[in-house]
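In what follows, every chain begins at residue 1, and chains take the letters A, B, ... in the order their sequences are listed.
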There are 2 protein chains.
Amino acid sequence: MGAVAATQDPARRATAAEVARLAGVSPAVVSYVVNDGPRKVAPATAERVREAVRRLGYRPNRAARALRRGTTGIVGLVIPRVANPFMAELSEAVQAAAERRGLAVLAAGSGNDLGVERRLLQTLPRHGVDGLVVATVMGHHDTAPPVRPDLPTVYLNAPFAVPGCAAVGPDATQGARLVVDHLLGVHGHRSVALVTGESGARTAGARELGWQQAVTEHGARPGPVVRVAWDRPGGSAAVEALLGAGARPTAVFATSDAQALGLLHGLRAAGVRVPEEVAVGGFDGVEDGAYAAPPLTTAHQPVLAMAEAALDALEQPGGPGEGHALFGLDLVVRQSCGCTATT
Amino acid sequence: MGAVAATQDPARRATAAEVARLAGVSPAVVSYVVNDGPRKVAPATAERVREAVRRLGYRPNRAARALRRGTTGIVGLVIPRVANPFMAELSEAVQAAAERRGLAVLAAGSGNDLGVERRLLQTLPRHGVDGLVVATVMGHHDTAPPVRPDLPTVYLNAPFAVPGCAAVGPDATQGARLVVDHLLGVHGHRSVALVTGESGARTAGARELGWQQAVTEHGARPGPVVRVAWDRPGGSAAVEALLGAGARPTAVFATSDAQALGLLHGLRAAGVRVPEEVAVGGFDGVEDGAYAAPPLTTAHQPVLAMAEAALDALEQPGGPGEGHALFGLDLVVRQSCGCTATT
DNA sequence: CTGAAAGCGCTAACAC
DNA sequence: GTGTTAGCGCTTTCAG
């Protein structure tokens, strides 16, 4: 009766040894069947084992397996803020890519704080993760980020190469050019202002460069440049500087959708009509942009592909390399640029 | 030199046994010091151990500890979609509450799909979580959700009691009354329409009830009721029904901010001015509401407090009970109701 | 093709 | 107060 009781006790999970006993084999064979490998098992025996697994509802104990194998099947994800729409989409993309690989995601928000991000980089590994995906806090990391040399790490949303570990990011220059070119070429503005992140951080570099290139190419004037935080409040705060600075710009490129959304909000509050008085373009391509007033024209980052690339790099045997994979963006034309509604 | 090499080898992590040897004590003492307990250790010895820990950079191996103790310090979080702003805020709140307790969060998105949510409830535990926080997919769960009896589970964002496990949620009736009462009492509307979730799901019950109560109390007429998805597209889709149905309503209460945001977008696209022609109220209190056009008047859920309560319930010795903890909401007055700008 | 057995690193009885 | 030691459940050599 002991065996039966054990079988039916819902609180206690069956062990490989119990499965082995029920199937009349050794624990080793159970392991071979469950993992199919590393040794071959006779079909008949394997079937018997599988039947026992089913009967006992056996699931290998993750902790024991992790202890033995030294891997957990969990990747850590460090992300600034999920409340940032772009980060939320990036986070979902990483989740999806991880699930496709049978990995689980241990997520930790840094609250947009570089200090917290640094701390997370140290503490997350303690929870036993096999690798780390770090969605960088925008506007920081002018100095090399602190990477744990013993833990495969890949930087996501990184517009710059990270020495010592793999990086995946948008081809920010191309993306920025896409929208500034649209503002200039299609809508015929003579100058485009720039709303971007604080400081001359390298992060801003590529997006700013794209803006500059497009402006130069069209023989247009660069509008005023205003540096604010990489979020909606930042975008709102930019309005004052934009409107106060002598000649009011007729077009503005914001280097993130969050900033663009804040900007639209601020302009509306100031009674400035978009796109009639000022046209606005963003960068990221978040779903929220479609619900903005007016709907935001922006460059869309291929988040799914980037997430896949990040996990691919992580799983690379021998650890992720040092490369910097760049992904092209698509132009999403809505109405903040001056185009008319399509729907 | 062997010892020195081992000390400096960055690839290999030190074990408790090594720390013990360096400190000249037994592994047991190392454990006692690291966990302070369950036995007392002489101050001098403890200091020697701590020094050795520091020198070797020792971190207890999570997997071994989990195997031995039977707990991982990881809680699973099942959440519909982080791209939903409210869910993102809820997710951050759970993160924060977990961190305060030294727990890590294994997050998994259900993509708003009840089938996926069910599957997650089965698979997440395999990754060795100590407990499960489930942010329910809105508009489902009319039947008892599938709970693993062996795993402490608490439902979050649950407006109904869940048989067999603890539930934490907003006092939806109170919250809904708050905003409908404002629409009716302050702005003097004679009727308020309702935009809510599909089907007569119990989920909708409480919010709908609050709307009804407020309408009745004011001797007003209930406006048309339209049932759509619990997200922005749903809110947009509601516009047609709202405008088509005979007398156009002068005020609308949407039972989630996502729907309200979609609604504002749809009304704008249809050329209806808010709040002049139609006033709008929401429910959730997400940050996005502040950036909507016009900024959304809504009831704010105390997400932090709810997340704390959920984790408290999870940690309750003997497992979370069966209670249903309700949290009151605050009215956030912005401009979609007809109030004038305060900022 | 299968069995026996040695640990992975840690914790907590149980001795002293 | 501290040392010894027996496992937690699994994987994987090594024998057969």
Side-chain angles (χ1 to χ4, degrees), chain A residues 6 9 11-50 52-53 56-74 125-130 150, chain B residues 6 9 11-50 52-53 56-74 125-130 150:
Chain A
D9 182 351
R12 217 179 93 37
R13 293 224 329 218
T15 75
E18 288 166 353
V19 174
R21 207 171 331 124
L22 181 58
V25 298
S26 79
V29 174
V30 174
S31 174
Y32 299 152
V33 171
V34 169
N35 305 310
D36 40 41
R39 309 226 72 85
K40 281 209 141 309
V41 173
T45 318
E47 192 37 58
R48 250 176 30 248
V49 171
R50 269 189 285 271
V53 165
L56 298 177
Y58 169 73
R59 294 277 140 226
N61 178 317
R62 294 299 273 217
R65 175 175 284 181
L67 177 56
R68 185 62 234 251
R69 298 219 269 227
T71 77
T72 55
I74 298 179
R126 292 187 204 168
H127 284 285
V129 296
D130 292 344
D150 51 331
Chain B
D9 181 352
R12 215 178 95 37
R13 294 224 326 219
T15 75
E18 288 167 354
V19 174
R21 206 170 331 122
L22 180 58
V25 298
S26 80
V29 173
V30 174
S31 173
Y32 300 150
V33 171
V34 169
N35 305 309
D36 41 39
R39 307 225 74 86
K40 282 211 141 311
V41 173
T45 320
E47 193 37 59
R48 248 174 33 245
V49 171
R50 270 189 284 271
V53 165
L56 297 177
Y58 168 73
R59 295 278 140 225
N61 178 316
R62 295 299 275 214
R65 174 176 282 180
L67 176 57
R68 185 63 234 249
R69 297 220 272 226
T71 78
T72 55
I74 298 180
R126 294 187 203 167
H127 285 285
V129 297
D130 291 344
D150 52 329

Which nucleotide, [options], lies nearest any side-chain atom of [X]?
{"X": "Thr45(A)", "options": "dC10(C), dT2(C), dA13(C)", "answer": "dT2(C)"}
{"X": "Tyr32(B)", "options": "dG3(C), dC8(D), dG3(D)", "answer": "dG3(D)"}
{"X": "Arg65(A)", "options": "dG3(D), dC10(D), dT12(D)", "answer": "dC10(D)"}
{"X": "Thr15(B)", "options": "dG9(C), dT4(D), dT2(C)", "answer": "dG9(C)"}
{"X": "Ser26(A)", "options": "dG3(C), dG9(D), dG1(D)", "answer": "dG3(C)"}
{"X": "Leu67(B)", "options": "dC10(C), dT12(D), dG9(D)", "answer": "dG9(D)"}

Take atom [atom1] of [X] and atom [atom2] of [N], then tell me their distance rounded to the nearest Å.
{"X": "Arg48(B)", "N": "dG3(D)", "atom1": "CZ", "atom2": "C1'", "answer": "13 Å"}
{"X": "Asn61(B)", "N": "dG7(C)", "atom1": "CG", "atom2": "P", "answer": "18 Å"}
{"X": "Asn35(A)", "N": "dG9(D)", "atom1": "CG", "atom2": "C1'", "answer": "13 Å"}
{"X": "Arg59(A)", "N": "dC8(D)", "atom1": "CZ", "atom2": "P", "answer": "22 Å"}
{"X": "Arg21(A)", "N": "dC10(D)", "atom1": "CZ", "atom2": "P", "answer": "12 Å"}
{"X": "Lys40(A)", "N": "dT2(C)", "atom1": "NZ", "atom2": "P", "answer": "11 Å"}
{"X": "Arg13(A)", "N": "dC8(D)", "atom1": "CZ", "atom2": "P", "answer": "16 Å"}
{"X": "Asp36(A)", "N": "dT12(D)", "atom1": "CG", "atom2": "C1'", "answer": "16 Å"}

Residue met sooner reading DNA chain C from 5', once Ala63(B) and Val41(A) are mapped to nucleotides: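 Between the two, 5'-proximity favours Val41(A).
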Compute the bend angle of the helix from dC1(C)-dG16(D) to dC16(C)-dG1(D) from the end axes (five pairs per end), rounded to 10°.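 Result, rounded to 10 degrees: 40°.
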Heavy atoms only: give me the nearest [X]-[Y] pair and the separation to one decimal.
{"X": "Pro38(A)", "Y": "Tyr32(A)", "value": "CD-CD2, 3.8 Å"}
{"X": "Glu18(B)", "Y": "Arg13(B)", "value": "OE1-O, 4.4 Å"}
{"X": "Leu67(A)", "Y": "Ala63(B)", "value": "N-CB, 3.6 Å"}

By the 4.0 Å heavy-atom rule, please label Val30(B) as base, sugar-phosphate, or nothing.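 Here Val30(B) touches no strand at all.
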Touch check for Gly128(B), heavy atoms < 4.0 angstrom, all strands: base, sugar-phosphate only, or nothing?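 No contact.
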What verdict does the side chain to side chain contact (heavy atoms under 4.5 Å, CB included) test give for Thr15(B) and Asn61(B), after you've listed the backbone C-alpha separation in whole Å, the side-chain angles of each residue and the deciding distance to 0.1 Å? CA-CA 8 Å; Thr15(B) 75; Asn61(B) 178 316; over 6 Å; no
Might you work through the side chain to side chain contact (heavy atoms under 4.5 Å, CB included) test for Val49(B) and Val41(B), ending with a clear yes or no? CA-CA 10 Å; Val49(B) 171; Val41(B) 173; 5.9 Å; no
Please determine whether a side-chain nitrogen of the Lys or Arg among Arg50(A) and Glu47(A) lies less than 4.0 Å from a carboxylate oxygen of the Asp or Glu.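 Salt bridge present between Arg50(A) and Glu47(A).
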Spacing of OG1 belonging to Thr72(B) relative to CZ belonging to Arg62(B), to within rounding of 0.5 Å: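 Reported value, rounded in 0.5 Å steps: 8.0 Å.
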Of all residues at least two apart in sequence or in a different chain, which pass the side-chain contact (heavy atoms from CB on, under 4.5 Å) check with Arg69(A)?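 For Arg69(A) the side-chain contact (heavy atoms from CB on, under 4.5 Å) partners, ignoring immediate neighbours, are Asn35(A), Arg65(A), Thr71(A).
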Could you check Arg69(B) against Arg39(B) and say which one's nearest nucleotide on DNA chain D is further toward the 5' end?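 Final value for this comparison: Arg39(B).
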Nearest-nucleotide 5' precedence on DNA chain D, Ala28(B) against Arg68(B):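 Counting from the 5' end, the first nearest nucleotide belongs to Ala28(B).
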If only side-chain N and O atoms of Tyr58(A) are considered, is one of them under 4.0 Å from the OP1 or OP2 phosphate oxygen of dC10(D)?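 So the side chain of Tyr58(A) is within the cut-off, an N or O lying under 4.0 Å from OP1 or OP2 of dC10(D).
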